[in-house]
Number of protein chains: 2
Amino acid sequence: MMNKKDFSIVCIGAGNVATHLAQALQQKGFHLSQIYSRTQESAQALAQTLGCAWTTCLEQVDEHADLYIVSVKDSVLETVISQLAHCNPDALYLHTAGSMPMEVWKGKFKNYGVAYPMQTFSKQREVNFEEVPFFLEANSPQNLSLLQEIAGSLSPKVYEASSEQRKYLHIAAVFACNFSNHMYAICQHLLQAHQLPFESMLPLIDETARKVHELSPVEAQTGPARRYDKNVINRHLNMLEEEPKLAEIYRLLSEHIHLYETTNH
Amino acid sequence: MMNKKDFSIVCIGAGNVATHLAQALQQKGFHLSQIYSRTQESAQALAQTLGCAWTTCLEQVDEHADLYIVSVKDSVLETVISQLAHCNPDALYLHTAGSMPMEVWKGKFKNYGVAYPMQTFSKQREVNFEEVPFFLEANSPQNLSLLQEIAGSLSPKVYEASSEQRKYLHIAAVFACNFSNHMYAICQHLLQAHQLPFESMLPLIDETARKVHELSPVEAQTGPARRYDKNVINRHLNMLEEEPKLAEIYRLLSEHIHLYETTNH
């Protein structure tokens, strides 16, 4: 076992994932040495909650850390990595992106991998890491076991996944989380327009999520699209006439539910 | 207060809503006298769990009940109602449909209303009625207060809603429940194709539902569409190339999330 106090960590990025991860690692006794963010505001905000150093300049990233965790937008990941060349060649380097392959590290460092925390992080909301599944990949068995030790100190749900599998985890998570949350947003929009409280929908939202712990989503499906009740579907489409994008979403999803019903997915 | 044992109820319909409602009413001490369903199989199955009579013939519906609850497909509701003309003229008549106006009862009976339980019911899964909001409407203050007493014995969450409001509750519920559940179904489909367990998504699904208890759905939104990370979005669209309908859903919802971000819904 490593000595967590002497194991120093630099976080590159100060967005939702980096913020929660850095705080959780510190709470577990790791030494957070520095936060990098492109903007001073984010870097400083996170560094203050951690009581550690910060920088907005990649060249000034602490070169003596044991672990570098890069949590930045996918589009800048490779550029950021290429600017860490001055950092500790013996350290472990990780990124946290669902859709980026491990091989972005190849040829840059000796010890590297990926730790993808599959959860939805918002800065305003605390995260219980016990309920965050981590999907890990590393470039050697030794690095994988170090990574398992670190991730395992945060969560009991630690899995291995290849870069290829992680891509599909990520896209599946976009549907299960980002798109279902957007369905809640549309729901709120429709209710607000008719002076109805979104709050009254929470029991329905909760039960919809709870049901798929016991039934498969296809078994759990209910509603006019499942029954293919064209009366209701057409009445709803008429109600959405003035919001053609919502009507299009309604039509497309109803047809797709019917497709899954009839092809026995 | 009514004497529940002497208050006899007929359920017209034996689908998901009727099944859970009839069982819950019986558990609360009401007298279930008869179940009607178009098919013998459904009528008999529900009547057996309740230990009451059943029929598949509308003309044979018990004419002496105090309450008639009609839970059938919207498309047949009016036809069914027109065939109950022989039943107790003093009884209370209810339907449970989100999208059907109360006025379908007008001119047919003296006492009528609607009790819309806004929840997702599956026969395979128990329902905790304490967590089912009921939206009520009745044709007189007396009938409303009787209805409040009946619904209030099942759930503490009893609201009033006009037929017009109920239409919007229903369509909003289709988005919050039916469509978000379909997002889980697509998620499972994508995972299965890559030997990944749907189970690993449950913490993410649960947290997505829990978040909107504290944040509005627009605040709670995360993911590539919120960041409008075109790199990730295009990579995901490429991954879905062989399933053009999924690609279309992905594109449409990502654009719509971006629209809500930028117009500050």
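Reminder, nothing fancy here: chain letters follow the sequence lines and each chain counts from 1. All heavy atoms count here, side chains included; hydrogens, waters and symmetry mates do not.
Using a 4.5 Å cut-off on side-chain heavy atoms (C-beta onward), A/V132 and B/P203 make no contact. Contact annotation: the side chain of A/I205 never approaches that of B/C177 to less than 4.5 Å [non-hydrogen atoms, C-beta and beyond]. Between B/M118 and A/M201 there is a side-chain heavy-atom pair separated by less than 4.5 Å. For the pair A/L253 and B/F175, the minimum side-chain heavy-atom distance is 4.5 Å or more. With a 4.5 Å cut-off on side-chain heavy atoms, A/I171 and B/R235 do not count as touching. Between B/E199 and A/H213, every side-chain heavy-atom pair lies at or beyond the 4.5 Å cut-off.
Taking OG of B/S180 as the reference point, atom CZ of A/F179 lies at 13.5 Å (rounded to 0.5 Å). The line from NE2 of B/H194 to CG of A/L169 is 10.0 Å long, rounded to the nearest 0.5 Å. The structure places OH of A/Y228 at 11.5 Å from NZ of B/K73, a figure rounded to the nearest 0.5 Å. How far NE2 of A/H256 is from NE2 of B/H182: 5.0 Å, rounded to the nearest 0.5 Å. Atom CZ of residue A/R227 and atom OG of residue B/S75 lie 8.5 Å apart, to the nearest 0.5 angstrom. For the atom pair A/S200 OG and B/F134 CZ, the distance stands at 14.0 Å (nearest 0.5 Å).
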Exercise for the section: Check the pair A/K211 / B/N181 against side-chain contact (heavy atoms from CB on, under 4.5 Å), numbers first and verdict last. Expected result: CA-CA 9 Å; A/K211 269 172 100 170; B/N181 182 74; 5.8 Å; no
Problem - Derivation and outcome, side-chain hydrogen bond (donor to acceptor under 3.5 Å, both in side chains), residues B/T120 and A/T208 - result: CA-CA 7 Å; B/T120 167; A/T208 304; 5.3 Å; no
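Only the side chain of A/E214 comes within contact range of chain B, with at least one heavy atom under 4.5 Å from a heavy atom of that chain. For B/F121, the part sitting under 4.5 Å from any heavy atom of chain A is the backbone (N, CA, C, O) and nothing else. For B/V212, the parts lying near chain A are the backbone and the side chain together; criterion is any non-hydrogen pair under 4.5 Å. Interface remark: B/E248 contributes backbone and side-chain atoms alike to the contact with chain A (heavy atom separation under 4.5 Å). Looking at A/Q188, the atoms closer than 4.5 Å to chain B (heavy atoms on both sides) all sit in the side chain, from C-beta outward. Heavy atoms closer than 4.5 Å to chain A are found in the side chain of B/L240, but not in its backbone. The parts of B/I257 that come within reach of chain A are both its backbone and its side chain, each placing non-hydrogen atoms under 4.5 angstrom from that chain. For a residue to count as touching a neighbouring chain, one of its non-hydrogen atoms must lie under 4.5 Å from one of that chain's; by this rule A/K167 touches chain B with backbone and side chain alike. Contacts of B/N128 with chain A are absent, with no heavy-atom separation under 4.5 Å from either backbone or side chain.
Closest approach of A/E219 and B/S122 over heavy atoms only: O-OG, 4.3 Å.
Look at A/E255 and B/K245 and you find no salt bridge, because none of the NZ, NE, NH1 or NH2 atoms lies under 4.0 Å from a carboxylate O. For B/R210 and A/E131, the salt-bridge test passes: some basic side-chain N is under 4.0 Å from an acidic carboxylate O.
Between B/Y260 and A/H189, the distance from one ring center to the other falls under 6.0 angstrom.
Side-chain N/O atoms of A/T222 and B/N178 include a donor and acceptor closer than 3.5 Å.
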